[in-house]
S.K.: 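This is the structure I want to talk about, given as structure tokens.
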Amino acid sequence: MTAPTKPMQSTAADTPSAHSALHEPVITWFEDHARDLPWRRPEAGAWGVMVSEFMLQQTPVARVLPVYEQWMARWPRPADLAEEAPGEAVRAWGRLGYPRRALRLHGAALAITERHGGDVPAQHAQLLALPGIGEYTAAAVASFAYGQRHAVLDTNVRRVFARAVTGSQYPPNATTAAERKLARALLPEEERTAARWAAASMELGAVLCTARNENCGACPISGQCAWRLAGKPEHVGPPRRTQSYAGTDRQVRGKLLAVLRESPGPVPRAALERVWDDRIQRARALDGLVSDGLVEPLPGGLYRLPTGPPSGQKP
DNA sequence: TACTCGTGGAG
DNA sequence: TCTCCAAGAGT
């Protein structure tokens, strides 16, 4: 008998409507300020989006751009990459870093060719099953390339949410269940809007609300930012992990692989020994590269980039 | 969960 | 110079 006479007022912090005030200003800001990146153009297609996402895992946009262009010109479809030797992918990867990504991208192209008729799959679960694709990349490809509704939670979005919603300067070191829940709660209901929100919130963190600078003066949601309204309290909690590099196996692997990348054919062991003095560490790094499938040992103390069937990919 | 895995530019 | 950190994935 007592039908509600006034619209329901939602105040719960975990309902979409509670935060919908963020959507419009961020999406509008994005429409005006989005960078013109090649993988955002229609001609990039799902394969272009996927290639860019692999390259952008832990590598800045500016360094990805030239390699992306060369990659797409050489391998415009997954099948084009799939018929190459995996070592060619590693070579073309250049100095983007984390070259296992190149191997995984090659493996993903192979799987797409064999299992999906050469087309990048649109289903999140199918994307997730490909080598090198985790929760973030699966959501990103499904959202950016196919316009689907997914929570796309990368380091930029995590930082924006930490500040705007949670009120802290930085997100936790590792992604938490609470962050995923928040990302889902913030996702607009409508598919189209959700996809735009994903790209917009990420761009905001990438160009405006960065780790080193907040740029609140130019921020479309500074008026409702929890961190700013709290007076920008400094980061508390466990120190943010800083990665060392000099002297690590990673550095040695990088030097060894650089020699192989720059050589058109197999190189003798001596050429590799020249780049690092510590024999023990050098051997350990080389073994690691071989077991990762990034280097192929040949008889006679020769080494080269892999030519054979790519190892380390899901069957 | 915490650790490994490259590289180079900005402040 | 040196510290920080950049659209993560895999184990």
Side-chain angles (χ1 to χ4, degrees), chain A residues 34-35 37-40 44 48-68 90 93-105 107-108 127-145 150-160 169-177 179 183 198-207 209-213 235 238-261 275 284-285 287-289 291-295 311-314:
Chain A
R35 292 167 293 177
L37 301 169
W39 43 86
R40 285 177 175 166
V49 171
M50 182 174 146
V51 169
S52 76
E53 290 303 334
F54 269 76
M55 293 182 173
L56 289 165
Q57 293 168 2
Q58 301 286 281
T59 302
V61 167
R63 283 171 45 211
V64 164
L65 283 169
V67 181
Y68 171 85
V90 174
W93 196 255
R95 309 185 69 82
L96 289 182
Y98 294 145
R100 292 187 295 188
R101 291 180 293 164
L103 226 43
R104 290 172 185 150
L105 181 51
L127 288 164
L128 200 55
L130 297 173
I133 294 193
E135 179 58 41
Y136 161 76
T137 304
V141 172
S143 181
F144 301 158
H150 292 283
V152 181
L153 198 56
D154 79 321
T155 185
N156 293 306
V157 174
R158 293 180 62 219
R159 185 175 52 252
V160 169
Q169 187 177 18
Y170 298 115
N173 271 334
T175 306
T176 63
E179 287 181 277
S201 54
M202 189 177 313
E203 186 80 346
L204 187 71
V207 308
C209 191
T210 66
R212 290 182 201 259
N213 207 325
H235 175 75
R240 317 180 61 211
R241 249 177 67 211
T242 66
Q243 45 179 354
S244 57
Y245 180 64
T248 63
D249 286 4
R250 249 175 28 259
Q251 184 182 18
V252 185
R253 288 167 57 108
K255 285 181 176 295
L256 293 172
L257 203 59
V259 172
L260 294 168
R261 264 200 319 262
V275 302
R284 186 172 64 233
D287 281 350
L289 289 170
S291 66
D292 283 348
L294 284 163
V295 172
S311 58
Q313 66 159 322
K314 306 172 190 175

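Being a predicted model, the structure only gives us computed values, none of them experimental. In the text below, chain A, chain B and the rest are named by the order of the sequence lines, each starting its count at 1. Quick note: numbers below take in every heavy atom, side chains included, and nothing from hydrogens, waters or symmetry partners.
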S.K.: Taking the P atom in each of B:dG6 and C:dT11, what is the distance between them to the nearest angstrom?
M.R.: 14 Å

S.K.: Which letters describe nucleotides 4-11 of chain B, given B = protein heavy atom under 4.0 Å from base, S = only from sugar-phosphate, - = neither?
M.R.: BBBBSB--

S.K.: Which distance, rounded to the nearest 0.5 Å, do you find between the NE2 of A:His150 and the CZ of A:Phe144?
M.R.: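 One finds 11.5 Å between NE2 of A:His150 and CZ of A:Phe144.
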
S.K.: Look at all strands and tell whether A:Ser52 reaches a base, only sugar-phosphate, or nothing, counting heavy atoms closer than 4.0 Å.
M.R.: nothing

S.K.: Please state how far atom CG in A:Leu56 lies from atom C1' in C:dA9, giving the value in whole angstrom units.
M.R.: 15 Å

S.K.: Between C:dA7 and B:dA2, how far apart are the two P atoms, rounded to whole Å?
M.R.: 23 Å

S.K.: Is a donor on one side and an acceptor on the other found under 3.5 Å between the side chain of A:Arg63 and the backbone of A:Arg95?
M.R.: yes

S.K.: When you check the side-chain N and O atoms of A:Tyr136 and A:Glu53, is any donor under 3.5 Å from an acceptor?
M.R.: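 A donor-acceptor contact under 3.5 Å links the two side chains.
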
S.K.: Closer than 3.5 angstrom, by distance alone: can the side chain of A:Arg284 be matched with the main-chain N or O of A:Asp249 as a donor-acceptor pair?
M.R.: no

S.K.: Between A:Arg158 and A:Pro172, is there a donor-acceptor pair closer than 3.5 Å when you use the side chain of the first and the backbone of the second?
M.R.: yes

S.K.: Which residues, if any, of residues 151-159 of chain A bring a heavy atom under 4.0 Å of DNA chain C?
M.R.: A:Asp154, A:Thr155, A:Asn156, A:Arg159

S.K.: Contact class for A:Ala140 vs. all strands (heavy atom < 4.0 Å): base, sugar-phosphate, or nothing?
M.R.: nothing

S.K.: Taking only residues two or more places apart in sequence or in another chain, which ones pass ring pair (Phe, Tyr, Trp, His ring centres under 6.0 Å) with A:Tyr68?
M.R.: A:Trp39

S.K.: Would you kindly give the CD-to-P distance between A:Glu135 and C:dG8, to the nearest whole Å?
M.R.: 14 Å

S.K.: Over all strands shown, is A:Trp39 touching base, sugar-phosphate only, or nothing at heavy-atom distances under 4.0 angstrom?
M.R.: base

S.K.: Minimum heavy-atom separation for A:Leu103 and A:Asp292, please, with both atom names.
M.R.: CD2-O, 3.3 Å

S.K.: Report yes or no: does A:Arg101 contribute a side-chain atom to a donor-acceptor pair with the main-chain N or O of A:Leu96 at less than 3.5 Å?
M.R.: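 Yes.
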
